[in-house]
Amino acid sequence: MNLPMVHAQGVRKHFGKLEVLKGIDLTVERGQVCCLLGPSGSGKSTFLRCINHLEKIDGGTLAVEGDLVGYRRHGSKLHELREREVAERRRDIGMVFQRFNLFPHLSALENVMEAPVKVASVSRAEAREDAQRLLEQVGLGDRAGHYPAQLSGGQQQRVAIARALAMKPKLMLFDEPTSALDPELVGDVLDVMRRLAADGMTMVVVTHEIGFAREVGDTAVFMDDGVVVEAGDPRQVLVEPRQERTRAFLSKVL
């Protein structure tokens with residue numbers, strides 16, 4: 001069966017009495033780039049974190065390539081997976097955060113090698129070769145021996161992307177990957193993401209980069225107050241939005 005990469009039905013999430021996600025329905029097919037847009041506090045990042053079970057959902061269902069996220073179905077009941085099982089499934093999902101979270105005491109090359117060696121039991125020689133290739137892929141082949149403190153923010157973020165790719169994920173999640181960068185450094189990171197999209201990587205991207213969403217996205221999803229207000233082809237959603245709330249948001253960011 002040709003299952004979608006991500007399939008969410010009625011996903012709900014609350015923190016105490018605050019309901020952050022109020023029934024999210026969303027499907028991302030293999031090879032698609034889905035861009036999540038909306039104001040701060042709309043639930044975009046929370047939903048992204050739910051996809052790889054960094055946050056547990058409180059209602060609905062969420063599946064990656066047909067496998068429920070964090071749960072196993074037994075007849076009509078759902079049973080929560082053990083942390084070890086969650087970690088094994090999470091290996092197939094790469095995530096890049098706003099902050100780079102690199103190990104400061106490791107070089108760029110060592111940062112990229114770390115997970116394959118420690119988690120996937122890849123030999124150091126193979127991991128080193130793959131890490132060098134990935135650093136070259138993100139335009140940092142000549143910075144392999146540099147430590148995070150010796151790299152610009154944009155370079156650190158590209159190392160973080162290479163690190164996520166080192167586990168050979170089938171899905172990449174990006175949580176506002178350019179929001180912590182100086183404006184002149186944003187372009188290099190977006191270029192790497194464009195190349196990933198062109199290579200067929202399935203991506204869910206929380207972003208305020210409207211131009212990137214319009215150019216690269218297969219689907220644009222506008223969220224506000226924990227719900228999907230509007231979703232569809234980016235050229236329709238971002239150029240001729242149907243919902244007044246979408247139009248009001250875009251009038252402030254374009």
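When reading the values below, keep in mind they use all heavy atoms of this one structure, side chains included, and skip hydrogens, waters and symmetry mates. Here the structure is a predicted model, which is why all the values come from computation and not from measurement.
Each of Leu21, Val11, Val69 was evaluated against Ile57; a single residue qualifies, Val11, per the side-chain contact (heavy atoms from CB on, under 4.5 Å) test. Under the side-chain contact (heavy atoms from CB on, under 4.5 Å) rule, Val138 has a single partner from Arg158, Met193, Gln155, Arg163, which is Arg158.
Asp175 contributes no side-chain N or O that, together with a main-chain N or O of Ser45, makes up a donor-acceptor pair within less than 3.5 Å.
One distance of note links CE of Met113 with CG of Leu134; it measures 12.0 Å at 0.5 Å rounding. Rounded to the nearest 0.5 angstrom, Arg91 CZ and Ile93 CD1 are separated by 12.5 Å. Atoms CG and CG, on Asp233 and Leu238 in that order, are 9.0 Å from each other to the nearest 0.5 Å. Interatomic distance, Arg30 CZ to Leu171 CG, rounded to the nearest 0.5 Å: 11.5 Å. Atoms CD and CG, from Gln98 and Leu181 in turn, are 10.0 Å apart once rounded to the nearest 0.5 Å.
Between Phe222 and Phe249, the ring-plane angle classifies as tilted under the 30° and 60° cut-offs.
What you find for Pro234 and Asp218 is that their closest heavy atoms are CD-O, 3.4 Å. Across all their heavy atoms, Ala108 and Leu135 have their closest contact at C-CD1, 4.2 Å. A pairwise comparison of heavy atoms in Leu36 and Phe47 identifies CD1-CD2, 4.0 Å as the closest pair.
Every side chain to side chain donor-acceptor pair (under 3.5 Å) that Glu110 has, sequence neighbours left out, goes to Ser107. With sequence neighbours excluded, the residues satisfying side chain to side chain donor-acceptor pair (under 3.5 Å) with Gln236 are Glu230, Arg242. Judged as a side-chain contact (heavy atoms from CB on, under 4.5 Å), and not counting sequence neighbours, the contacts of Asp130 are Glu126, Arg133, Lys168. Among residues two or more places apart in sequence or in another chain, the ring pair (Phe, Tyr, Trp, His ring centres under 6.0 Å) test is passed with Phe174 by none. Residues satisfying the side chain to side chain donor-acceptor pair (under 3.5 Å) criterion with Thr61, sequence neighbours excluded, are absent altogether. With sequence neighbours left out, the side chain to side chain donor-acceptor pair (under 3.5 Å) criterion links Glu244 to Arg247.
Between Val64 and Arg89 there is no side-chain heavy-atom pair separated by less than 4.5 Å. Taking 4.5 Å as the limit, every side-chain heavy atom of Lys44 sits out of range of all side-chain heavy atoms of Thr207. Annotation: side chain of Val228 is not in contact with side chain of Asp25 (no heavy-atom distance under 4.5 Å). In this structure, the side chains of Met95 and Arg49 come closer than 4.5 Å at one or more pairs of heavy atoms. In this structure the side chain of Pro39 reaches within 4.5 angstrom of the side chain of Arg245, judged on heavy atoms. Leu196 is listed as a side-chain neighbour of Ile161, based on a closest heavy-atom distance under 4.5 Å. Using a 4.5 Å heavy-atom threshold, the side chains of Ser42 and Val229 count as separate. With contacts defined as side-chain heavy-atom distances shorter than 4.5 Å, the pair Val159/Phe100 does not qualify.
Crowding of Arg128 atom CZ: a count of heavy atoms from other residues, nucleotides or ligands under 6.0 Å not exceeding 12. Environment of CZ in Arg235: crowded, with over 12 heavy atoms of neighbouring residues, nucleotides or ligands closer than 6.0 Å. Within 6.0 Å of atom NZ in Lys56, 12 or fewer heavy atoms from other residues, nucleotides or ligands are found, so the atom counts as exposed in its surroundings. Environment of CD in Glu129: sparse, with no more than 12 heavy atoms of neighbouring residues, nucleotides or ligands closer than 6.0 Å.
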For Val237 and Leu37, what are the C-alpha separation, side-chain angles and deciding distance, and is it a side chain to side chain contact (heavy atoms under 4.5 Å, CB included)? CA-CA 10 Å; Val237 173; Leu37 310 167; 5.6 Å; no

Show your reasoning for whether side chain to side chain contact (heavy atoms under 4.5 Å, CB included) applies to Gln157 and Leu185. CA-CA 10 Å; Gln157 190 63 292; Leu185 303 177; over 6 Å; no

Applying side chain to side chain contact (heavy atoms under 4.5 Å, CB included) to Leu26 and Val6, what does each step give before you reach the verdict? CA-CA 8 Å; Leu26 181 66; Val6 179; 5.6 Å; no

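In the hydrophobic clustering of ILVMFWY residues, with side-chain heavy atoms under 4.5 Å counting as a link, Val227 and Leu250 come out together. With hydrophobic clusters built from ILVMFWY side chains whose heavy atoms lie under 4.5 angstrom apart, Leu165 does not share a cluster with Met167.
Using a cut-off of 4.0 Å between Lys/Arg side-chain N and Asp/Glu carboxylate O, Glu19 and Arg12 are scored as salt-bridged. Between Glu83 and Arg90 a salt bridge is recorded (basic side-chain N to carboxylate O distance below 4.0 Å).
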